[in-house]
Each structure stands twice: as structure tokens, then as C-alpha cells.
Amino acid sequence: DSIRKAVDWLTEHSQPSGLLGDPKGESGRYMFGHGYAMLFLASVYGQQGDDDRHRKLEGVLARAVAFTADAQSSRGGWGYIRAADGGDLDEGASTVVQLQGLRAARNAGVAVPKKLIDIDYLRKCTGPDGGVIYSLSAGGGGGRPALTAGALACMFTAGDYDSDLARRWITFCRQVIPFDRADAVGRDEYTQYYYAQALYVLGDAGYEKLFPASKPAERLTWPKYREAVFDHLLSHQADDGGWHTGRVGPVYSTACYLTILQLDNEAAPIYRR
């Protein structure tokens, strides 16, 4: 019932333009809500058994994809708002969100142009250190752990498991995102949200395939991540069921951590191996 209500609520808040959200209430960051909503609706699209609901949701998703295409910057990325309204700004975090929403829509059977889900923008954002910088339009110094983890998740969920770029990104992440220390796990939910997805898709043997000469103790695997992170998350869950830590707030923290804990259940098609 809760999922059905959420679907109805998001559907009702779909704008004629295709934007999933409130352009006034979310005026400065509406592309984030749009991308995450597209991901959610695409994940439940196949569960809408009623023909009318299914057709209505199909139309909502098709318009959402068209809006995302229209919002793209001249460099192939996305910013906090439509490029046409934001000075053609683009940046990595919003780009990752749009790419995953588009990938989920395409996986669900909604028409999405292949060029729209190309990770070329993130490739161009990769700096000498192997990390993804903040933005092509605004620069951003060295590579950022969270954005590189997000780029890696986009690459793996797109089915690209073996490339030099994957090796560069995962080497960077390995160096800057520890998960075997309790104090390092919960600092940044955004980072762990995407890093967990990447390592889940990598599974037990993916790292070894990328780095055949690596020693077993050096390899990143989902079981290693799961053992370290799940215990930490469960021990920090509050009595009311949520997580009241992090930089953004308890709702965001809880949503991110629940997604991580659900990865083994393959609840969302985009995260399946």
C-alpha cells in the first residue's frame, strides 16, 4: 500500500514538462528529485498490474525521459536544474543520478536513446589521479571519492565490467574509501550508497578479473564489504527504525542505508548482477 501511494503521489506531481517534482519547492535542486523519482518509478513499473495505472505510468516515465534529455548540458552532463535555466552548468553528482534513472527506465522497457546513457561525460571528468572531478563546466580540483564511486556504479550497472577506466576508478576508490573501519563507513551516505552498488555488481570475482595479478587479501569483494558495513549499519540503527546520522538528515540516511541492506535481495532491477 505504501509503494502504491508513493507511485500515485509522484505521478500526481509529474509536471506537463515531464519534470517529476515541484519546480518551485525544489527550485535550486530539482534535477536530483527528478532523477531519483525516475529510478523509483522505473523500478516498480512492472508491478503495476492495473492496465490504466500501467499506461499512465508509462506516459509519466516517457515524459520524464524527454525532460531529462532536454535538461542535458552542451557537454553531455546535468546540473542541479535544466542546463537552459542554469547557465549550462553540469556537475558529477546530478549526472550520476540522471544516468541511473535513465538506465532503470531503459531496463523497464521505456524508450531511452542509447546516447543519452553514455558515460562519456564522467570519462571526461576523470583527472590524472583517476578520480572524477566536480564538473566539466566549473572545474573542481582533484578527484572526489563520492563522484568516482557513483561513476563506477553507473559503469557497472550499464554492463561495462572490464575496461581501463574501470580499473582507474576502482583503484582510486580503493585508496580513498575505506570500509574496514567503523569510523569510516558512515561519514558520507552518498559515497557508500554508490560504492556499495558498485561492489555488489562486482561480486566475488569481479575484482580478480580486473586485476588478475592481485593477491587475495588485496581484492575488493562484496562479501568483504558486506561483512564490514552491514554490522556497522545495524549497530547504528535507532530504536525507531531509522538512522539519525550523516550530513543531510535522517530521511536521506535511512533511504541510503536501506538501499544498501536490500542489495542482496535484488529488489531494484538496476542493481541486479
Side-chain angles (χ1 to χ4, degrees), residues 35 39 75-78 90-104 106-107 112 114-136 140-180 184 188 190-226 228-229 259-260 263-264 266 268-273:
L39 171 61
R75 286 162 294 276
W78 286 269
D90 46 54
E91 59 88 39
S94 181
T95 297
V96 166
V97 172
Q98 308 317 312
L99 287 173
Q100 286 215 316
L102 291 167
R103 170 61 59 178
R106 196 166 194 249
N107 287 1
V112 178
K114 186 176 181 180
K115 65 178 182 180
L116 201 58
I117 52 176
D118 195 315
I119 63 168
D120 189 55
Y121 176 87
L122 299 173
R123 182 181 293 107
K124 291 176 180 176
C125 280
T126 304
D129 61 0
V132 175
I133 65 170
Y134 167 67
S135 168
L136 277 184
R144 302 197 175 188
L147 298 184
T148 310
L152 195 60
C154 284
M155 173 180 279
F156 287 168
T157 53
D160 184 356
Y161 310 116
D162 185 10
S163 66
D164 289 339
L165 186 57
R167 293 180 183 88
R168 292 184 67 192
W169 284 348
I170 201 167
T171 298
F172 177 84
C173 287
R174 180 186 175 84
Q175 294 169 346
V176 298
I177 311 176
F179 58 78
D180 54 356
D188 186 343
Y190 182 99
T191 302
Q192 297 302 331
Y193 175 80
Y194 286 112
Y195 200 38
Q197 294 173 29
L199 293 182
Y200 174 75
V201 175
L202 203 62
D204 296 357
Y207 189 90
E208 182 180 359
K209 292 178 181 178
L210 284 168
F211 302 96
S214 62
K215 298 178 181 179
E218 301 171 347
R219 293 168 188 161
L220 296 175
T221 67
W222 173 246
K224 288 181 181 179
Y225 182 91
R226 192 185 192 285
V229 175
T259 299
I260 293 173
L263 285 172
D264 274 326
E266 296 190 335
I270 190 174
Y271 307 132
R272 290 177 184 163
R273 290 181 179 138

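Heads up: numbering here begins at 1 and tracks the sequence.
- Contact check for Ile260 versus Tyr225: side-chain heavy atoms found under the 4.5 Å cut-off.
- Taking the side chain as every heavy atom from C-beta outward, Leu147 and Trp169 never approach each other to under 4.5 Å.
- Across every non-hydrogen atom of Cys125 and Ser135, the tightest pair is SG-C, 4.4 Å.
- Checking Ser214 against Arg219 by side-chain atom types alone, a donor-acceptor pair falls below 3.5 Å.
- Counting only heavy atoms from C-beta outward, the side chains of Ile177 and Phe172 never approach each other to under 4.5 Å.
- Atom OH of Tyr195 and atom CD of Gln192 lie 8.5 Å apart (nearest 0.5 Å).
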### Message
Does Leu199 form a side chain to side chain contact (heavy atoms under 4.5 Å, CB included) with Phe156? I'd like the steps, not just the answer.
### Response
CA-CA 9 Å; Leu199 293 182; Phe156 287 168; over 6 Å; no
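- A 4.5 Å side-chain heavy-atom check between Arg168 and Ser163 finds every atom pair outside the cut-off.
- Side-chain atoms of Lys209 and Asp162, non-hydrogen and from C-beta on, never get closer than 4.5 Å to each other.
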#### Entry: Check against side chain to side chain contact (heavy atoms under 4.5 Å, CB included), Trp78 and Leu99
CA-CA 9 Å; Trp78 286 269; Leu99 287 173; 4.1 Å; yes
### Task
Give the C-alpha distance, both sets of side-chain angles, the deciding distance and a yes or no for side chain to side chain donor-acceptor pair (under 3.5 Å) between Gln98 and Tyr121.
CA-CA 12 Å; Gln98 308 317 312; Tyr121 176 87; over 6 Å; no
### Task
Decide side chain to side chain contact (heavy atoms under 4.5 Å, CB included) for Ile170 and Tyr207; before the verdict, give the C-alpha distance in whole Å, the side-chain angles of both, and the deciding distance to 0.1 Å.
CA-CA 9 Å; Ile170 201 167; Tyr207 189 90; 3.8 Å; yes
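- Judged by distance alone, the side chain of Asp129 and the main-chain N or O of Gly143 form a donor-acceptor pair under 3.5 Å.
- Proximity of a side-chain donor or acceptor of Ser94 to a complementary backbone N or O of Glu91 within less than 3.5 Å is not detected.
- In terms of heavy-atom proximity, Ala146 sits nearest to Asp188 at CB-OD2, 4.1 Å.
- Side-chain atoms of Gln100 never come within 3.5 Å of backbone atoms of Arg103 as a donor-acceptor pair (strictly under, hydrogens ignored).
- Side-chain contact between Thr171 and Phe211 is present, with heavy atoms from C-beta onward closer than 4.5 Å.
- Once rounded to the nearest 0.5 Å, the distance linking CZ of Arg174 with CG of Leu220 reads 4.5 Å.
- Scanning both residues, Cys173 and Ala149, for their nearest heavy atoms gives SG-N, 3.7 Å.
- A heavy-atom distance below 4.5 Å is not found between the side chains of Leu102 and Leu39.
- At least one side-chain heavy atom of Tyr134 sits under 4.5 Å from a side-chain heavy atom of Arg144.
- A salt bridge links Asp164 and Arg167; the closest N-O separation between the charged side-chain nitrogens and carboxylate oxygens is under 4.0 Å.
- Across Thr148 and Gly130, no two heavy atoms sit closer than the pair CG2-O, 4.1 Å.
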### Task
For the pair Arg75 and Lys124, evaluate side chain to side chain contact (heavy atoms under 4.5 Å, CB included) and give the outcome as yes or no after the intermediate values.
CA-CA 10 Å; Arg75 286 162 294 276; Lys124 291 176 180 176; over 6 Å; no
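- Heavy-atom minimum distance, Leu210 versus Ala166: CD2-CB, 4.4 Å.
- Across all non-hydrogen atoms, the minimal contact from Ile119 to Cys154 is CG2-CB, 4.4 Å.
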